[in-house]
Amino acid sequence: MSRFRIRPAFVALLGLVCACTPTKEKPSEKALSNVGLEQLQRYIDEQLFDDLSRFVAVQTYRGADLSEAQVVANLQQLQQELQFQTAQFNATQQVHKLVPFEWKKTINGREYWLFGVRVGSGPRRVALSSHLDTVPAGNQDSWAPFTLVKEQRLYQGSEQEFYVGRGSIDDKGPALVAFNVLKAVARQFDGDPRLDRVTLEVIFDTSEETDMAMPYYLEDKPEENPNLGVIFDGFWCVRAEKGMERPVFTIKRGTAAPTGLWIESLNTPQGPVNQIPDSATAVIRSDSPQALQSFAQQVASLYQAHGFDDPAYRRAPLSVDTSGLADNRLVLTTRVSGAQHASTPDENREGGANPLISLANFLSSQVGNPLARNEVSELIRFITWSWGTQVFGEHHPDLLLRNDAVFTAGHGTTYAVTRFYTHPAGAPDVAARVEVDVRYALGHHSVAWDGTTEGLVGGKGTPSRFQDILTQLLGQFPAETGYTLGFQTTTLFPPDVRLTTGETFQRVSSAYEQLLGEQCPAQAVGGATNAKGNTHLIAAGALFTNKLGPPINFHGINEGAPVEDLRKSAHILYNLLTDEVEGAAKDSSTVRPLFTPMRVTPDLH
């Protein structure tokens with residue numbers, strides 16, 4: 001049930017939204033004060049929690065338990081709330097009112113959709129962009145994802161206030177902050193003719209977590225491409241994003257019936273490849289009740305005593321369900337801990353555990369004795385042999401390990417094995433399938449970066465080297481006779497590198513420096529954002545750390561937004577937009593060549 005209230009005055013207030021060109025007036029005395037910034041900070045202190053509570057309550061993830069129609073209807077609730085707040089704000093504006101806009105287009109049978117608000121009418125366009133969809137909430141037994149709560153968490157050396165709920169930091173919290181930054185700047189410059197020389201806008205993507213709408217929008221509406229845009233999703237400031245590869249490994253079904261003690265299945269919950277799974281579950285069967293009973297009695301101690309490839313590895317918690325032993329069924333389940341964003345599997349490994357990796361590595365050690373070999377165990381053996389518990393490719397460094405001057409040691413190519421499905425639907429010849437999220441450094445790309453060019457290395461559509469690399473990897477695996485493994489892999493996009501001396505980075509860094517007295521950090525990351533492939537856009541904020549694990553838990557259980565980060569980020573974005581308004585009269589760089597937007601494929605972030 002939605003927590004949104006019916007707004008009786010909504011229709012009447014919408015009539016106050018004016019899309020006409022405002023009358024040029026001299027700045028009022030009010031506009032010469034800091035009324036906009038004062039309004040913004042007051043909003044964060046007094047109203048943000050209530051607004052975010054309503055937004056978090058609306059479920060906007062794409063998952064097995066929500067139909068697409070339900071997701072769209074829920075996103076429309078958020079749109080209506082933002083429209084109401086826009087009309088409410090416009091009722092107190094004298095000249096420069098916010099103008100809503102919306103874009104929809106069906107491409108290859110799928111509808112892409114975003115919406116937003118803008119103010120001003122000038123040729124130079126400056127945009128802030130956030131997204132309102134989220135990843136699934138995860139194990140709801142351990143938290144209440146759709147009820148926003150306040151918590152004190154240790155962060156950057158001190159106890160700080162956090163708003164905890166799904167979307168609090170990725171990305172509903174930042175979206176509300178960006179929206180109110182625009183309102184604050186519109187209030188600050190209401191009636192000021194300088195606001196007629198720029199167009200400022202906030203964009204809300206509705207599918208960033210699965211298939212970004214924004215690149216399609218920019219391709220369809222080149223006249224509305226921003227000259228400068230901040231993708232307010234991540235942390236300050238992203239100067240490079242790794243390439244992304246999506247390998248899928250499979251093993252064919254056999255005909256021999258298993259005997260002895262064997263793994264019947266290993267499965268993770270259905271979910272996006274870009275999220276480390278909440279759990280992994282294996283079902284063990286046997287043609288000997290005594291053998292299954294014996295294994296059940298010792299499996300917990302075997303798991304605790306198992307020597308992983310790193311003695312310091314943090315194994316996932318294991319539960320053993322013996323309730324089905326009478327029906328020849330033993331169920332082993334591991335649970336996630338730590339960060340769940342697949343772009344940073346090193347953070348998960350550092351402070352938590354990937355449940356699939358823990359369970360697969362343990363089961364692999366039992367294959368041959370006491371577990372019999374079959375198709376499921378062979379695919380488990382392959383992923384354990386290929387990666388073990390490591391995430392940088394340390395088991396096969398000649399093929400898998402890469403770092404460079406941009407994506408440095410400890411921040412190079414990563415491998416997150418996130419999904420394992422036994423007998424996947426729609427694939428009658430496949431016994432099991434493994435899906436891997438690869439974020440890759442420059443050395444795994446087919447084209448070298450020249451060190452001076454900004455944007456997608458080699459251009460849109462340039463492949464990685466993984467087709468050849470994974471062919472070699474699979475060829476080196478000592479597969480047992482009679483088992484047939486294969487793979488398919490797709491390069492979603494190349495690495496995207498920016499220059500810290502570039503105009504986009506420098507404009508954003510200047511706004512950052514006004515508040516914090518230093519240049520914005522230049523982060524090279526694995527996450528994919530709506531800035532990908534467009535050098536006029538940059539991912540920046542809201543976090544002042546590049547650590548996505550606890551206490552933030554980006555994409556994970558108990559996801560939390562540090563309120564002070566939202567507050568400081570709001571001030572920086574306010575600086576950026578006011579700089580743009582005040583500099584518009586003397587800035588002649590309002591015309592620039594339009595970029596060629598990048599086409600993207602599902603499940604990106």
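In what follows, residues are counted from 1 in the order of the sequence shown.
Comment: Arg62 does not engage Glu209 in a salt bridge, judged by the lack of any side-chain N to carboxylate O separation of less than 4.0 angstrom. Under 4.0 Å is where a charged nitrogen must lie from a carboxylate oxygen, and between Asp437 and Arg246 at least one such pair does.
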Side chain to side chain donor-acceptor pair (under 3.5 Å) assessment of Gln514 paired with Asp579:
CA-CA 11 Å; Gln514 288 174 45; Asp579 285 351; 2.5 Å; yes
Side chain to side chain contact (heavy atoms under 4.5 Å, CB included) evaluation trace for Val436 with Val417
CA-CA 4 Å; Val436 184; Val417 183; 4.2 Å; yes
Step by step, work out the side chain to side chain contact (heavy atoms under 4.5 Å, CB included) result for Leu176 and Tyr43.
CA-CA 10 Å; Leu176 282 168; Tyr43 171 81; 4.1 Å; yes
Before giving the answer on side chain to side chain contact (heavy atoms under 4.5 Å, CB included), spell out for Gln523 and Arg239 the whole-Å C-alpha distance, their side-chain angles and the decisive distance to 0.1 Å.
CA-CA 6 Å; Gln523 308 279 5; Arg239 60 79 51 112; 5.9 Å; no
As a quick check of understanding, evaluate side chain to side chain contact (heavy atoms under 4.5 Å, CB included) for Gln70 and Gln59, giving each step before the final call.
CA-CA 9 Å; Gln70 288 174 305; Gln59 300 177 27; over 6 Å; no
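Under 3.5 Å, the side chains of Asn530 and Asp233 contain no donor-acceptor pair of N or O atoms. Between the side chains of Asp51 and Gln47, at least one donor N or O sits under 3.5 Å from an acceptor N or O. If you check the side chains of Glu224 and Tyr217, you find a donor sitting under 3.5 Å from an acceptor. Side-chain contact check for Gln85 and Glu81: at least one donor-acceptor pair (N or O, by modelled atom type) lies under 3.5 Å. In the model, Gln156 has no side-chain atom that pairs as donor or acceptor with a side-chain atom of Thr545 under 3.5 Å. Donor-acceptor pairing under 3.5 Å is lacking for the side chains of Ser53 and Tyr163. Looking at Asp170 and His131, their side chains do bring a donor and an acceptor atom within 3.5 Å of each other.
With contacts defined as side-chain heavy-atom distances shorter than 4.5 Å, the pair Glu580/Arg507 qualifies. When side chains are defined from C-beta on, Phe554 does not count as touching Thr344, because their heavy atoms never get closer than 4.5 Å. The shortest distance between side-chain heavy atoms of Arg419 and Gln275 falls below 4.5 Å. With a 4.5 Å cut-off on side-chain heavy atoms, Val563 and Gln160 do not count as touching.
The cationic group of Arg153 lies under 6.0 Å from the six-membered ring centre of Phe162 and within 45° of the ring axis, placing it in a cation-pi geometry. A cation-pi arrangement is found for Arg118 relative to Phe101, the charged atom lying closer than 6.0 Å to the ring centre and inside a 45° cone about the ring normal. Within the cation-pi definition used here (under 6.0 Å to the ring centroid, within 45° of the axis), Arg110 qualifies as a partner of Tyr112.
Counting all heavy atoms, side chain and backbone alike, Tyr61 lies closest to Leu66 at O-CD1, 3.4 Å. Scanning both residues, Ala178 and Phe232, for their nearest heavy atoms gives CB-CD2, 4.2 Å.
Phe89 meets the ring-ring contact (aromatic ring centres under 6.0 Å, His included) test with no other residue; sequence neighbours excluded. Under the rule for a ring-ring contact (aromatic ring centres under 6.0 Å, His included), Phe420 has no partner lying at least two apart in sequence or in another chain. For Arg349, the salt bridge (charged side-chain N to carboxylate O under 4.0 Å, His left out) partners at least two apart in sequence or on another chain are Asp310. Listed by chain and number, the residues in a side chain to side chain contact (heavy atoms under 4.5 Å, CB included) with Ala561 are Ser168, Ile169, Leu566 (sequence neighbours excluded). Residues passing the ring-ring contact (aromatic ring centres under 6.0 Å, His included) test with Phe392: none are found, sequence neighbours excluded.
In this structure a side-chain-to-backbone donor-acceptor pair under 3.5 Å is present from Gln188 to Val35. In this structure, Thr418 contributes its side chain and Val273 its backbone to a donor-acceptor pair below 3.5 Å. Counting only distance, with no hydrogens or angles, the side chain of Gln506 and the backbone of Thr500 share a donor-acceptor pair below 3.5 Å.
The list of salt bridge (charged side-chain N to carboxylate O under 4.0 Å, His left out) pairs with a residue in residues 549-574, not counting sequence neighbours, reads Asp45-Arg567, Arg166-Glu559, Glu564-Arg567.
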